**Q** 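Quick one: the structure is below, and I'll ask about it shortly.
We count residues from 1, following the sequence as given. For ligands, and for the atoms within them, numbers begin at 1 and follow the listed sequence. Please read all numbers here as calculations on a predicted model, not as lab measurements.
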Amino acid sequence: MKHLPLFFDLAGRTVVVVGESPAADRRADLARSAGAEVSRVTAATVKIADFRGAAAAFIATGTLEGDTAAQHLAKAAGVPVNVADRPELCDFILPAIVDRDGVVVAISTGGASPTLASILRGRIEAALPERIGALAKLARTFRAQANALIPDPARRRGFWRRLVEGPAARLVLAGDEAGARRVALGELDAVRRRMSPVGIAHIVGAGPGDPDLLTLRAAQLLQEADAILHDELVPAAILGRARRDAELVLVGKRKGSVGLAQADIEAELVRRVRAGQTVVRLKAGDPFIFGRGGEEVEALRAAGLPVSVVPGVTAALGCAASVGIPLTHRRLASAVTFVSGHGADGREVTWPRLAAQSHTLAIYMGATEAASVRDRLLDAGTAPTTPVAIVENGTRPDERVSVGRLSDLARIAATHTRGDAGPSLLIVGEVAALATVADQPLLAEVS
Ligand code: SAH
């Protein structure tokens with residue numbers, strides 16, 4: 001190690017910055033962000049007295065003579081000095097810095113390669129959760145209490161590990177600080193009473209099927225889960241991203257086949273979280289779009305258990321992007337509605353409201369009822385020539401898309417969904433005519 005990394009408390013101390021270059025400005029800003037009083041001096045006027053009592057000096061005059069002269073003065077005053085881009089003149093060097101609200105990572109290659117340092121910084125930025133600073137604050141607020149209440153060092157370590165890695169941490173990182181404090185208090189209490197703390201459930205959207213469309217948070221949670229309760233619609237490619245030891249449990253049903261009843265799924269979630277597990281309830285698309293995620297959240301809340309919700313790319317967004325259909329478009333559509341094609345998901349919608357012009361419909365669970373969808377839209381006044389697209393297995397390797405006109409929807413659906421069809425989404429509206437496969441427009445071929 002060429003340099004010892006230290007974190008220097010500069011609050012209220014003077015830092016001298018010599019020079020007027022952009023590098024000097026950056027160093028002045030950096031010193032100020034650590035609470036230093038910055039004293040700016042020009043290369044032409046700098047003298048030894050400028051450095052007296054200073055904690056550190058930054059020099060960036062832009063010329064070798066200017067830098068060397070100022071560096072001599074600083075050294076003579078006994079002040080540690082950094083000269084921009086001249087490591088041979090430096091007492092200390094500046095690391096590449098990641099600063100997440102007080103959680104700070106400093107990276108140095110000992111001056112060998114600032115480019116490498118900045119690439120490493122990028123990787124660390126990507127790996128650190130956005131709200132890691134809030135997690136550090138939560139830990140700070142529990143420090144005195146936990147140290148006073150848990151005298152046994154091993155149990156105390158257990159509490160801290162769980163606080164920064166477990167359910168409370170997850171809630172902070174998801175933005176629920178009040179929930180995190182509640183959970184942390186519960187855990188503190190459980191440790192004191194030598195009971196095992198409860199776990200947490202995450203209701204997670206898996207997206208439409210392409211594993212690259214998982215959110216960063218979903219991917220992290222798949223790596224943390226003790227158990228993953230998933231629907232049949234979640235493909236193996238996504239389950240393959242789970243932690244090797246995670247228990248995979250198929251609970252959901254796909255249209256047509258039976259699975260666990262919703263109440264049984266909720267009971268299973270509650271049972272596992274009570275037993276202390278970190279449970280991921282993994283659903284296709286977004287958990288709050290035709291996913292019954294709302295009911296699962298209610299069940300967990302009613303049982304007084306911690307729960308977080310992680311959104312996912314819903315089928316309409318995934319399919320539309322994948323086949324090049326903009327769901328809204330300045331000339332063609334100024335609204336989009338996600339609607340269920342069969343009435344079973346709550347109260348039936350009023351179709352005339354949906355039939356308006358300049359309105360795109362993304363119809364879930366509608367492909368097998370294409371004739372009835374067509375009739376309801378035609379009755380409601382939608383033009384028979386309105387373009388429609390059917391996207392099956394959207395975003396997956398076996399994606400297929402067919403396009404045509406509303407009057408023809410039943411026929412297109414029948415030829416499209418032959419045999420063992422995958423999940424299919426209908427898109428109705430002028431924008432559906434823009435569907436492309438391998439950059440080729442499709443509608444011209446079928447009209
Ligand atoms: N929560 C999910 C929807 C569940 S309902 C979401 O937000 O996407 C199940 C319906 O979603 C299917 O009948 C189908 O209409 C649609 N669907 C889900 N994944 C799909 C995919 N990859 N391609 C096309 N449609 C999909």
**Q** With only distance considered, is M365 within less than 3.5 Å of ligand 1 through an N or O on each side?
**A**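 Yes, since at least one N or O of M365 sits under 3.5 Å from an N or O of ligand 1.
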
**Q** Would you say ligand 1 has an N or O under 3.5 Å from any N or O of A315?
**A**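 Such a contact does occur with ligand 1.
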
**Q** Can you find a heavy atom in the side chain of F159 that is under 4.5 Å from one in the side chain of R192?
**A**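 Answer no - side chains too far apart.
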
**Q** T314 heavy atoms, cut-off 4.0 Å: which ligand 1 atoms fall inside?
**A**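 Answer, ordered by atom number: 6 (C), 7 (O), 8 (O).
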
**Q** Should E296 and K283 count as an ion pair when the cut-off is N to O under 4.0 Å?
**A**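 Here E296 pairs with K283 in a salt bridge, since their nearest N and O are under 4.0 Å apart.
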
**Q** Just to check, does R396 reach to within less than 4.0 Å of ligand 1 when the distance is taken from its heavy atoms?
**A**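 A heavy atom of R396 does come that close to ligand 1.
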
**Q** Show me which atoms of ligand 1 lie under 4.0 Å from any heavy atom of I289.
**A**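 That gives atoms 1 (N), 2 (C), 3 (C), 6 (C), 7 (O) of ligand 1.
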
**Q** Going by the salt bridge (charged side-chain N to carboxylate O under 4.0 Å, His left out) test, which pairs reach into residues 121-130, not counting sequence neighbours?
**A**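 Non-adjacent pairs meeting salt bridge (charged side-chain N to carboxylate O under 4.0 Å, His left out): R100-E125.
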
**Q** Taking a cutoff of less than 4.0 Å between a non-hydrogen atom of the residue and any ligand atom, is T395 in contact with ligand 1?
**A**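 Checking ligand 1 against T395, which is what was asked, there is no heavy-atom contact under 4.0 Å.
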
**Q** Looking at D29 and R32, does any basic side-chain N land under 4.0 Å from a carboxylate oxygen?
**A**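 Result for this pair is yes, salt bridge flagged.
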
**Q** I'd like to know if C319 contacts ligand 1, where contact means a heavy-atom distance under 4.0 Å to any ligand atom.
**A**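 Yes, that is the case, since the closest heavy atom of the residue is under 4.0 Å from the ligand.
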
**Q** Answer yes when D264 and R271 have at least one side-chain N-carboxylate O distance shorter than 4.0 Å, and no when they do not.
**A**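 No, this pair does not count.
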
**Q** One thing to verify: whether D408 and R411 come together as a salt bridge, which I'm taking to mean a side-chain N less than 4.0 angstrom from a carboxylate O.
**A**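 Salt bridge flag = yes for D408 with R411.
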
**Q** Near L233, which atoms of ligand 1 are under 4.0 Å from a heavy atom of that residue?
**A**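 Close to L233: 9 (C).
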
**Q** Looking at V391, which atoms of ligand 1 are within less than 4.0 Å of one of its heavy atoms?
**A**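 Within the 4.0 Å cut-off of V391, ligand 1 contributes 24 (C).
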
